[in-house]
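I have placed the structure first, in the form of structure tokens, so that the comments after it can refer back to it.
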Amino acid sequence: VEADILTILDAAEASVEQARRTAALIEQIKSCLTGTQYRRLWMLYARKMNVTAIAKAEGISKASAAAPEYRPPYVVQQVT
């Protein structure tokens with residue numbers, strides 16, 4: 001029984017540590033981007049939206065959503 005409890009506690013601790021690392025990484029990414037870049041990157045990768053859906057959600061044209069000035073320079077994507 002004690003081994004099971006320790007296993008559960010270890011898993012919970014690992015989960016908390018992973019969440020802390022993820023939050024720190026997100027903050028680092030956020031600090032390098034403009035608000036628009038971060039928001040669109042979040043929609044693209046975290047919410048799995050394509051450029052067309054992002055444009056619709058923001059009320060802009062597809063070309064504007066894919067404009068280089070609104071993307072981080074290292075993100076290369078094909079406009080679909």
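Start at 1 with the first residue, then count along the sequence.
Applying the salt bridge (charged side-chain N to carboxylate O under 4.0 Å, His left out) definition to pairs two or more places apart or across chains, none involves residues 45-57. The salt bridge (charged side-chain N to carboxylate O under 4.0 Å, His left out) pairs that include a residue from residues 5-21 are Glu17-Arg20, Glu17-Arg21, where partners are two or more places apart or lie in different chains.
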Determine all donor-acceptor pairs shorter than 3.5 Å in which one atom belongs to a side chain in residues 22-29; sequence neighbours excluded.
residue, atom, partner, partner atom, Å
Thr22, OG1, Gln18, O, 2.9
Thr22, OG1, Gln18, NE2, 3.3

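Remark: side-chain polar atoms of Thr7 are paired, donor with acceptor, to backbone N or O of Ala3 under 3.5 angstrom. Using a distance-only test at 3.5 Å, with no hydrogens or angles considered, no donor-acceptor pair links the side chain of Glu58 to the main chain of Ala55.
To the nearest 0.5 Å, atoms CH2 (Trp42) and NZ (Lys30) are separated by 8.5 Å. With rounding to the nearest 0.5 Å, the separation of OG1 in Thr36 from CG in Leu41 is 12.0 Å.
For Ile8, there are no side-chain contact (heavy atoms from CB on, under 4.5 Å) partners, not counting sequence neighbours.
Here the shortest heavy-atom pairing between Ile54 and Leu44 reads CD1-N, 3.9 Å. The nearest pair of heavy atoms linking Met49 to Ala57 is CE-CB, 4.0 Å. Taking every heavy atom of both residues into account, Ala66 and Val51 meet most closely at CB-CG1, 3.9 Å.
The hydrophobic cluster of Leu6 has no other members, since no ILVMFWY side-chain heavy atom comes under 4.5 Å of it. If you chain together ILVMFWY residues whose side-chain heavy atoms come under 4.5 Å of each other, Ile5 ends up grouped with Val1, Leu9.
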